[in-house]
Visitor: 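If you scroll down you'll find the structure; I have some questions about it.
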Number of protein chains: 2
Amino acid sequence: MNEPTARRRDVTVADVAREAKVAKATAARSLGGYGAVSDDVRQRVQAAAEALGYHANGLARSMNTGRSNTIGVIVGDIENPYFGLAMRGITDTAKAAGYDVILANTGEQLDAEIDAARVFVEKRVDGFIVAPASFTLTDHLSDIMHSGRPLVLLDRHVANLDDVDVIEVDNEKVAHAAAQHLIDRGHERIAFITTLELGSNPYQAGDELGVSSVSARVNGILAAMNTAGVDNSERYLRFGANSGSGVKGVTRELMQLEEPPTAIIASDSLIAMGVLGELRELGLTVPDDVSFIMFDDFEWATLISPALTVIAQPVYEVGVAAATRLIARIEGRVTGEPIQVFPAALVHRKSVAPPRVVGRDDA
Amino acid sequence: MNEPTARRRDVTVADVAREAKVAKATAARSLGGYGAVSDDVRQRVQAAAEALGYHANGLARSMNTGRSNTIGVIVGDIENPYFGLAMRGITDTAKAAGYDVILANTGEQLDAEIDAARVFVEKRVDGFIVAPASFTLTDHLSDIMHSGRPLVLLDRHVANLDDVDVIEVDNEKVAHAAAQHLIDRGHERIAFITTLELGSNPYQAGDELGVSSVSARVNGILAAMNTAGVDNSERYLRFGANSGSGVKGVTRELMQLEEPPTAIIASDSLIAMGVLGELRELGLTVPDDVSFIMFDDFEWATLISPALTVIAQPVYEVGVAAATRLIARIEGRVTGEPIQVFPAALVHRKSVAPPRVVGRDDA
DNA sequence: CAATTGAGTGAGTCCGGTCTCACTCTACCA
DNA sequence: TGGTAGAGTGAGACCGGACTCACTCAATTG
């Protein structure tokens with residue numbers, strides 16, 4: 001069972017047909033399971049196919065049918081557990097419906113995303129699931145739509161793209177709730193740290209950011225603070241904190257301010273790890289020295305001391321919904337609203353307490 | 001920029017050729033960049049292609065060239081950060097070399113793996129990277145090899161497959177080191193918990209398990225214990241602990257034994273989370289009540305109290321090596337040994353201490 | 001019993017590219 | 001200046017399937 005068999009030209013329907021002594025068209029019908037074939041012939045073809053070790057050529061098939069039975073997924077960073085989990089939701093759903101999944105990782109780089117989109121169009125995927133890296137630069141996405149292939153946006157929506165399906169989480173509402181929770185405990189100096197780059201200009205209230213989910217979080221947090229009458233609410237916003245050293249630097253800078261924040265909200269679990277690591281380096285304790293809330297809920301959040309108050313998002317479900325929606329589109333079944341917004345929940349644990357300075361005394 | 005453009009038949013080389021007033025072959029040469037074309041023609045074709053919005057059909061191209069520029073990756077569980085990170089190593093490397101990556105998730109189910117292999121063969125991927133679910137049931141893998149497509153095994157090797165490339169970690173050595181470390185601290189009752197199912201028979205020393213990496217870990221641990229003269233060293237091995245409740249049940253069962261283990265080694269980070277969660281439920285403290293070591297090193301391991309002693313594997317590098325090796329094979333450049341074994345390192349932190357019962361007193 | 005139906009089959013076209021081959025035309029060389 | 005090399009081009013075969021169409025032949029029907 002070694003080398004000799006290898007490198008031989010692929011076995012084709014023609015080969016099978018010859019072996020089974022039927023016409024190529026008949027063998028193709030039998031193998032492809034699409035026409036009318038007698039039992040007798042079916043068996044002969046089956047036997048011949050097995051004897052020869054026939055494997056259908058999916059490329060040739062797709063070229064004729066115009067369908068590849070494949071979904072293209074483009075995400076920013078599969079290493080981020082958020083996308084890992086969403087991806088499982090997508091693949092589980094796709095597999096159940098008989099679709100394969102192609103994945104491309106962009107590192108949140110727009111040009112990589114554009115590249116991936118082109119490649120997937122060339123591969124003639126049946127549909128796209130994309131977590132777009134940019135809110136505004138979406139020509140490649142509109143190209144996809146023009147090519148007639150369904151597109152579902154995951155976790156983020158974009159500007160200037162009509163009628164596109166979006167599966168996302170109500171970030172603004174839950175961010176508002178998180179900030180409100182902190183405010184209720186007496187916090188006014190609330191920081192928010194995200195990996196997202198800001199671009200050239202400093203942030204101004206109301207700015208649209210590059211990623212809608214982050215934008216929504218910022219809006220929710222600022223809205224809660226403004227309602228509570230907090231001045232200069234955006235002064236503790238920090239952008240461009242890439243995982244690893246970037247996060248640590250930002251954390252250090254924040255905590256060494258004359259008026260450091262009394263609470264920090266981390267935009268994802270990767271950032272949270274960096275922040276917590278650096279706080280410990282600085283000898284600061286959560287929640288005594290600073291309260292802490294992170295987006296995403298993974299089991300380690302309950303294992304550390306104190307257990308983290310988190311914003312739990314239905315990540316797997318978002319993946320499932322995106323794939324379900326896309327497949328419905330592909331198969332021409334249009335169902336429900338184009339935009340589905342899943343709720344997220346603030347999960348109270350032990351990382352939030354009243355700020356030290358003010359020293360209110362409630363439970 | 002909306003509906004009207006969509007749904008139209010794809011633009012082909014023939015269309016471009018007509019528009020540029022050249023022969024189809026010439027347009028194809030220009031577009032495909034493979035023959036000799038004059039500058040004049042090249043420009044006319046380029047202009048025509050852009051005017052018409054031409055996108056090459058990768059399927060048709062692959063059918064002719066026999067190459068798809070695509071790598072098929074089959075892993076057990078992308079939700080597991082281990083594979084997420086390895087996957088990034090793979091995609092980064094593949095992208096740099098101009099290859100796309102198709103991913104299939106099997107949930108460690110053999111039939112899903114067989115299915116995925118078939119689909120990828122049908123898609124005519126140029127090569128495979130597989131983390132095989134079974135050590136012995138590898139007919140589908142040998143089919144892949146017979147089809148003439150390179151195959152690189154990731155993280156695990158298998159029986160009965162000659163000349164297959166393998167990129168793995170020296171699990172036996174590092175497991176031995178971990179067990180030795182525990183033994184040096186005075187432990188004799190050392191548990192090992194893995195997700196891997198055992199099959200029907202209870203474990204006997206020397207048994208080959210379904211996954212080589214786990215097998216190697218068990219062998220390393222038992223070897224250290226046996227050398228140290230520990231009797232009945234396999235009595236605390238626990239298999240089939242699926243993430244979530246399974247792990248917790250196993251942990252509880254272990255710790256409620258008359259002679260519970262004094263140290264636990266978790267086979268991956270998902271299991272570790274479950275074990276630690278359950279230990280806390282049980283009111284047990286690490287390392288006072290039980291010492292703890294886990295395979296894999298993620299930042300949260302340093303954030304929890306106590307910081308975990310871990311076995312750090314070069315996961316990203318393993319992914320890179322697998323992709324590099326595969327691409328070399330695809331391109332006919334055979335380099336170095338078929339089996340590459342990466343070292344893993346025991347990282348000492350705070351989750352290992354002498355067992356309570358014995359009460360030795362060293363640092 | 002002639003007419004109708006449709007299951008079963010084969011011949012051949014098509015999908016959208018690549019590639020081979022023959023041919024033209026210019027440039028260079030002895 | 002005749003010969004040749006090679007760049008540039010077009011016609012058409014080909015990759016491996018799906019699909020259209022024409023045809024056969026047995027079963028059904030009025």
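Computed from a prediction, not measured in an experiment: that's the story for all the values here. A note on names: the letters A, B, ... follow the listed sequences, proteins ahead of strands, and every chain is numbered from 1.
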Visitor: Tabulate atom names and distances for all N/O pairs under 3.5 angstrom spanning the protein and nucleotides 21-28 of chain D.
Guide:
none

Visitor: Who pairs with Q340(B) by side chain to side chain contact (heavy atoms under 4.5 Å, CB included), at least two apart in sequence or on another chain?
Guide: I167(B), A321(B), R325(B), F342(B)

Visitor: How bent is the helix from dC1(C)-dG30(D) to dA30(C)-dT1(D), comparing axes over its five end pairs at each side, to the nearest 10°?
Guide: 30°

Visitor: Under the rule for side chain to side chain donor-acceptor pair (under 3.5 Å), what residues qualify as partners of E168(A), not counting sequence neighbours?
Guide: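 Checked E168(A) against side chain to side chain donor-acceptor pair (under 3.5 Å); matches are H157(A).
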
Visitor: For nucleotides 4-8 of chain C, which of its nitrogen or oxygen atoms have a protein nitrogen or oxygen under 3.5 Å away, and what is each distance?
Guide:
none

Visitor: I'd like to check the side chain to side chain donor-acceptor pair (under 3.5 Å) partners of D92(A); sequence neighbours left out, ordered by chain and number.
Guide: Y316(A)

Visitor: Closest to the V22(A) side chain: dG10(D), dG10(C), dT18(C)?
Guide: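 The listed nucleotide nearest to V22(A)'s side chain is dG10(C).
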
Visitor: K21(A) NZ to dT9(C) C1': how many Å, rounded?
Guide: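 These atoms are roughly 17 Å apart.
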
Visitor: Enumerate, atom names and distances included, each donor-acceptor pair closer than 3.5 Å involving a side-chain atom of residues 20-40 of chain B, sequence neighbours excluded.
Guide:
from: S38(B); atom 1: OG; to: V41(B); atom 2: N; distance (Å): 3.3
from: D40(B); atom 1: OD2; to: R44(B); atom 2: NH1; distance (Å): 3.1

Visitor: Between I90(B) and G319(B), what is the shortest heavy-atom contact and its length?
Guide: CG1-O, 3.4 Å

Visitor: Which residue pairs satisfy the salt bridge (Lys or Arg N to Asp or Glu O under 4.0 Å) criterion with at least one member in residues 46-64 of chain B, sequence neighbours excluded?
Guide: none

Visitor: Would you say the side chain of L153(A) lies within less than 4.5 Å of the side chain of P132(A), judging by non-hydrogen atoms?
Guide: yes

Visitor: Check D155(A) against Y82(A) and note the closest heavy-atom contact, atom names and distance.
Guide: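 So the minimum-distance heavy-atom pair works out to OD1-OH, 2.7 Å.
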
Visitor: Just list the side-chain donor-acceptor pairs under 3.5 Å for residues 112-121 of chain B, sequence neighbours left out, or say none.
Guide:
from: E113(B); atom 1: OE1; to: A133(B); atom 2: N; distance (Å): 2.8
from: E113(B); atom 1: OE2; to: H140(B); atom 2: NE2; distance (Å): 2.7
from: R118(B); atom 1: NH1; to: E122(B); atom 2: OE2; distance (Å): 3.3

Visitor: Under 3.5 Å, is there a donor on one side chain and an acceptor on the other for S147(B) and R149(B)?
Guide: yes

Visitor: Can you check the R42(B) CZ to dA7(D) C1' distance for me, whole Å?
Guide: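 After rounding, the gap between these two atoms is 12 Å.
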
Visitor: Hey, is the side chain of T65(A) poking within less than 4.0 Å of OP1 or OP2 on dA18(D), counting only N and O atoms?
Guide: no

Visitor: R18(B) CZ to dA11(D) P: how many Å, rounded?
Guide: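 After rounding, the reported distance stands at 13 Å.
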
Visitor: As an exercise, state the distance from CG of N105(A) to CG of D77(A), rounded to the nearest 0.5 Å.
Guide: 5.5 Å

Visitor: To the nearest angstrom, how far is N69(B) atom CG from dG17(C) atom P?
Guide: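 Roughly 16 Å, once rounded to whole Å.
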
Visitor: Please list, for nucleotides 13-16 of chain C, all pairs of protein and nucleotide N/O atoms separated by less than 3.5 Å.
Guide:
from: dC15(C); atom 1: O2; to: N64(A); atom 2: OD1; distance (Å): 2.9
from: dG16(C); atom 1: N2; to: N64(B); atom 2: ND2; distance (Å): 3.2

Visitor: Please determine if a side-chain N or O atom of Y34(B) lies less than 4.0 Å away from the OP1 or OP2 oxygen of dT18(C).
Guide: yes

Visitor: T70(A): what forms a side chain to side chain contact (heavy atoms under 4.5 Å, CB included) with it, not counting sequence neighbours?
Guide: S68(A), D100(A), I102(A), V125(A), K123(B)

Visitor: Among residues at least two apart in sequence or on other chains, which ones pass side chain to side chain contact (heavy atoms under 4.5 Å, CB included) with L196(B)?
Guide: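 Residues passing side chain to side chain contact (heavy atoms under 4.5 Å, CB included) with L196(B): T194(B), L209(B), V211(B), V214(B).
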
